[in-house]
Amino acid sequence: MTEVVRVDPARPNQDDISRAAECLRRGGLVAFPTETVYGLGVHALDRAAVQRLFSAKGRPANDPLIVHVSAFDQVAPLVVALPDHAAPLAARFWPGPLTLVMRRAPSVPLEVTAGLDTVAVRVPAHPVAHALLLAASLPVAAPSANLFSRPSPTRAAHVLDDLNGLIDMVVDGGPTQVGVESTVLDLTVDPPAVLRPGAISVEMLLTVVPDVRIGAVQTAAGRGEPMTSPGLLSKHYAPRAPMTIYQGEPAAVRQALIAEAREAVAAGRRVGVLATTEDAPMLSGVPVVIADLGSEQDVEIVAARLYAALRDLDAAQVDVILARDLSRDDGLWRAVRDRIHRAAARVTVIGRAPGTRPQRGEPASSPARNASEG
Ligand code: TXA
Ligand code: MG
């Protein structure tokens with residue numbers, strides 16, 4: 001049985017937090033809210049517990065975990081040495097949605113880092129996560145609290161949908177605010193490399209470090225070998241129904257999407273559309289299930305709603321999902337577009353003659369995603 005403990009997200013009850021902390025200390029699996037998504041926490045130094053976590057999630061053992069601590073001064077014991085950029089980045093962005101990859105100290109089990117000699121660490125900002133880390137007084141390894149390759153959970157109900165009965169406890173602190181996972185920044189290379197875009201944007205990082213590289217999307221990993229950043233596997237965060245993204249000039253894309261929706265409906269299929277408020281007029285009168293991401297003017301709302309929208313479409317039992325590619329790639333949009341593309345089964349480029357090649361930097365045309373799902 002999975003116990004659900006409801007807490008006030010701003011001021012969680014200390015007895016509830018103590019019980020969850022005790023569960024972690026005994027090697028239990030405890031899901032809790034962070035400012036990004038819900039994490040599934042486990043005592044990071046307890047190898048057997050870490051193995052139970054991998055099997056509960058169905059996560060491949062070569063996909064390393066992020067270690068969560070309550071404050072910057074808890075990082076030193078986990079790493080061989082603090083890289084030069086660590087303290088200024090922590091001072092500016094911690095607690096918050098930034099994960100730093102550093103050289104692993106021998107005390108961090110290889111189970112946590114998937115055999116890598118590096119370890120990813122972050123100090124979450126959510127009051128519930130913070131209280132839990134303080135009470136447990138442990139480094140807590142926590143992946144997102146979803147089944148492997150499913151959309152990350154932004155509500156306790158999402159955690160239960162995937163993991164009820166498989167984990168010990170869910171601390172329910174309501175919906176998370178940011179909605180997409182932390183930015184992962186590798187400090188073991190020069191310049192530092194963004195392995196996963198997130199709420200701390202490249203533009204924000206550049207206010208603290210002189211240069212960053214944006215890591216290449218990793219499309220395949222050697223069998224059984226640790227991956228450089230497996231969160232970058234192409235198909236990830238995916239709804240059950242296959243999702244197609246339409247890319248190209250906005251008016252042409254909208255037309256193509258509507259035509260495809262009508263055709264699929266006529267063929268007897270249930271169609272879901274991942275839509276922004278601006279898409280609403282074009283969809284009126286088309287019998288589709290709409291998941292509303294909010295306005296394209298407000299990326300924070302779009303990010304916060306994205307994973308719930310994908311799960312809502314699954315719950316509505318649609319057969320296919322259609323989405324329009326978003327036009328922006330700056331700030332938090334980079335993370336939002338990254339996750340939408342990873343959730344997609346294919347990308348269809350509209351308005352280009354068949355057989356012509358995609359422009360540089362554009363994802364390939366349909367069928368686009370590679371076959372390597374971890
Ligand atoms: O916002 C978040 O980061 C959430 C909350 C719960 O903190 N956690 C999260 O964990 O998204 P997870 O396990 O779903 O994603 C961890 C990402 C993966 O892309 C993994 O490859 C990368 O961090 N990662 C972990 N350790 C790494 C390492 N040593 N080197 C490179 N990448 C690493
Ligand atoms: Mg995850």
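Worth saying up front: this structure is predicted, and the values here are computed from it rather than measured. We count residues from 1, following the sequence as given. Counting starts at 1 for both ligands and their atoms, following the listed order.
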Asks: Any heavy-atom pair between the side chains of Thr183 and Phe93 that's under 4.5 Å?
Replies: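 Heavy-atom side-chain distance check fails, nothing below 4.5 Å.
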
Asks: For the 3.5 Å polar cut-off, considering only N or O atoms, please tell me whether Glu181 and ligand 1 meet it.
Replies: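 There is no such contact.
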
Asks: Would you say ligand 1 has an N or O under 3.5 Å from any N or O of His68?
Replies: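 Yes, there is a polar N/O contact under 3.5 Å.
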
Asks: Decide yes or no on side-chain contact (heavy atoms from CB on, under 4.5 Å) for Val289 and Gln317, but give the supporting numbers first.
Replies: CA-CA 10 Å; Val289 180; Gln317 296 190 306; over 6 Å; no

Asks: Side-chain contact, heavy-atom cut-off 4.5 Å: Pro239 with Ile321?
Replies: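 Sidechains of Ile321 and Pro239: in contact.
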
Asks: Any side-chain donor paired with an acceptor under 3.5 Å for Ser144 and Glu181?
Replies: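 There is no such pair between these side chains.
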
Asks: Report yes or no: does Asn146 have an N/O/S atom closer than 2.8 Å to the Mg ion (ligand 2)?
Replies: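 Of the N, O and S atoms in Asn146, none lies under 2.8 Å from the Mg ion (ligand 2), which means no.
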
Asks: Determine whether the side chain, the backbone, both or neither of His126 has a heavy atom under 4.0 Å from any heavy atom of ligand 1.
Replies: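 His126 to ligand 1: no contact under 4.0 Å from either part.
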
Asks: Between Thr118 and ligand 1, which part of the residue brings a heavy atom under 4.0 Å of the ligand: side chain, backbone, both or neither?
Replies: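 Both backbone and side chain.
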
Asks: Give the contacting part of Leu65 toward ligand 1: side chain, backbone, both or neither, where contact means a heavy-atom distance below 4.0 Å.
Replies: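 The backbone, only.
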
Asks: Taking distance alone, with N or O pairs closer than 3.5 Å, would you say Thr34 contacts ligand 1?
Replies: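 By distance alone, the answer is no.
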
Asks: Within a distance under 4.0 Å of any heavy atom of Ala120, pick out the atoms of ligand 1 and give their elements.
Replies: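 Those qualifying, in numeric order: 25 (C), 26 (N), 27 (C), 29 (N).
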
Asks: With a 4.0 Å cut-off on heavy atoms, is Ile66 touching ligand 1?
Replies: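 True for this residue.
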
Asks: Is ligand 1 under 4.0 Å from a heavy atom in the side chain of Leu195, in the backbone, in both, or in neither?
Replies: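 Side chain only.
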
Asks: So is Arg104 in contact with ligand 1, going by heavy-atom distances below 4.0 Å?
Replies: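 Checking ligand 1 against Arg104, which is what was asked, there is no heavy-atom contact under 4.0 Å.
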
Asks: Is the closest heavy atom of Glu35 to ligand 1 under 4.0 Å?
Replies: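 Contact absent.
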
Asks: Would you say Leu133 and Val69 make side-chain contact, with heavy atoms under 4.5 Å?
Replies: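 A side-chain contact is absent here, since even the closest heavy-atom pair is not under 4.5 Å.
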
Asks: Polar-atom distance check: Thr36 versus ligand 1, any N or O pair below 3.5 Å?
Replies: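 There is such a contact, yes.
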
Asks: Need the ligand 1 atom indices (1-based, order shown) with element for anything under 4.0 Å from a heavy-atom of Val101.
Replies: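 Once the distances to Val101 are compared, the set is 30 (N), 31 (C).
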
Asks: Run the side-chain contact (heavy atoms from CB on, under 4.5 Å) test on Glu296 and Arg328 for me, step by step, so that the C-alpha distance in whole Å, both residues' side-chain angles and the decisive distance to 0.1 Å come before the verdict.
Replies: CA-CA 9 Å; Glu296 274 188 74; Arg328 292 181 55 177; over 6 Å; no

